[in-house]
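A short worksheet on the structure shown next.
Atoms within each ligand, like the ligands themselves, are counted from 1 in listed order.
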Amino acid sequence: MKNIPFNKNSILLAPMAGITDSGFRRICKEHGADCTYSEMISSKGLFYNDEKTRQLMSYSTHEEPIILQIFGSDKECIKYAVNYINRNFTPAAIDINMGCPAPKIFNNGDGCALMGTPEKAYDIIKAAKEVSDFPVSVKFRSGISSRTINAVEFAKICESAGADFITVHGRTRDQFYSGNSDMDIIKRVVENVSIPVIANGDISDYASAHKALMHTNAYAVMVGRAALGNPAVFEQIKSGCCDADSTQTNHYIFEIADRHLQYVIEDKGEFQAVKEFRKHLLYYLKGIKNASVLKQMSCKAISYNDCMKIFDIASKNI
Ligand SMILES: Cc1cc2nc3c(=O)[nH]c(=O)nc-3n(C[C@H](O)[C@H](O)[C@H](O)COP(=O)(O)O)c2cc1C
């Protein structure tokens with residue numbers, strides 16, 4: 001299909017702020033993610049030349065195809081961000097975040113707040129589309145609250161503004177991550193637009209991915225939290241694997257974690273990498289017996305060797 005940087009039934013790595021940096025994208029790509037996303041990038045931060053914001057955009061060929069996700073509600077800042085991407089990068093697409101529920105984003109009129117100001121959302125998407133050298137997509141939720149579910153109408157607005165594809169997370173802003181992702185609303189979105197729809201929310205294994213694709217008839221699916229501590233989730237879904245030997249799986253996951261850390265070190269240097277990797281250590285230790293001491297060690301890890309020691313002890317505790 002024209003302008004779509006992945007195939008039907010693909011499995012995409014979700015954008016996750018603080019998680020989907022270069023190292024994490026690379027390890028997920030190696031283990032079956034068909035397309036990766038950056039963390040969300042502030043269009044205002046780019047506009048005001050913020051160095052940290054710019055750094056969030058860097059990526060390597062190992063992570064391609066990659067979609068750069070921007071957020072903001074100021075049309076000029078969005079246009080600036082798209083032009084900045086045009087000049088400096090060649091992503092598979094530019095995604096606009098209209099689903100973020102976090103108060104500091106939402107209360108600023110950004111992220112999911114744009115589902116409550118659809119005319120503004122339309123203008124932003126249209127402006128981005130007019131200047132972008134790349135396909136433009138939008139990621140949003142089922143609505144802001146259970147009383148204002150408007151994903152179908154909002155999807156039509158995205159389509160009429162020129163979005164090339166959309167992603168729908170079947171939860172409202174008020175739900176944050178509680179309850180279940182509503183696959184019925186995603187199905188209704190698919191029925192009401194002609195552009196491809198990516199289904200998102202609670203996809204964690206072969207059964208949930210298959211069910212989401214069958215139920216919604218979405219073009220592809222997106223996996224977020226299930227990749228935390230398990231970047232192999234993409235290949236597991238693809239192989240239809242459901243009950244692999246857990247001991248073997250744990251050893252395999254620690255090997256992956258080792259490589260993941262090495263990629264982060266390549267990118268950020270050992271000190272910064274290990275500091276940022278501590279949260280991933282906690283995810284990798286999920287399900288390990290007597291993990292409390294290991295978790296304490298994780299919070300204090302300052303070197304690659306500290307992390308390897310933790311995996312070594314954890315391997316013996318499986
Ligand atoms: C830690 C974390 C950070 C997230 N950051 C972003 C983000 O930057 N942009 C975005 O569109 N969604 C973000 N999300 C939402 C995910 O992309 C995804 O929509 C959500 O987690 C539901 O999918 P899942 O059930 O597969 O996790 C984030 C989610 C988590 C857990």
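- Under 4.0 Å is where a charged nitrogen must lie from a carboxylate oxygen, and between Asp202 and Arg225 at least one such pair does.
- Ranked by closest heavy atom to atom 22 (C) of ligand 1, the top entry among Leu228, Val233, Asn200, Thr20 is Asn200.
- Looking only at atom types and distance, the side chain of Asp95 has a donor-acceptor partner in the side chain of Ser137 under 3.5 Å away.
- Using a 30° and 60° split on the angle between ring planes, His31 and Tyr252 fall in the perpendicular class, above 60°.
- The option with the heavy atom closest to atom 10 (C) of ligand 1, from among Met16, Lys139, Met98, is Lys139.
- Taking every heavy atom of Ala14 and a limit of under 4.0 angstrom, the matching atoms of ligand 1 come to 17 (O).
- Within the structure, ligand 1 has Gly201 among the residues with a heavy atom less than 4.0 angstrom away.
- In terms of N/O distances under 3.5 Å, ligand 1 is not approached by Val223.
- Each of the following atoms of ligand 1 lies closer than 4.0 Å to a heavy atom of Arg225: 21 (O), 24 (P), 25 (O), 26 (O), 27 (O), 31 (C).
- The cationic atom of Arg141 (NZ for Lys, CZ for Arg) lies less than 6.0 Å from the six-membered ring centre of Tyr177 and within 45° of the ring axis.
- Residue contact check: Asn97 has heavy atoms under 4.0 Å from atoms 9 (N), 10 (C), 11 (O) of ligand 1.
- If you check the side chains of Ser208 and Asp205, you find a donor sitting under 3.5 Å from an acceptor.
- Note on ligand 1: Tyr177 sits in its first shell, one or more heavy atoms being nearer than 4.0 Å.
- The single protein non-hydrogen atom nearest to atom 17 (O) of ligand 1 is Pro15 O, 2.8 Å, given as residue, atom name and distance.
- Contact annotation for Met40 and ligand 1: heavy atoms of both the backbone and the side chain come within less than 4.0 Å of the ligand.
- Less than 4.0 angstrom separates some heavy atom of Ala17 from each of these atoms of ligand 1: 3 (C), 4 (C), 5 (N), 6 (C), 7 (C), 8 (O).
- Using a cutoff of 4.0 Å between basic side-chain nitrogens and carboxylate oxygens, Glu130 and Lys126 are scored as salt-bridged.
- Under the 4.5 Å side-chain heavy-atom criterion for grouping Ile, Leu, Val, Met, Phe, Trp and Tyr, Tyr122 is not connected to Phe154 through any hydrophobic cluster.
- Annotation: Ala226 places no N or O atom under 3.5 Å from an N or O atom of ligand 1; distance criterion only.
- Look at Asp21 and Lys268 and you find a salt bridge, because one of the NZ, NE, NH1 or NH2 atoms lies within 4.0 Å of a carboxylate O, short of that distance.
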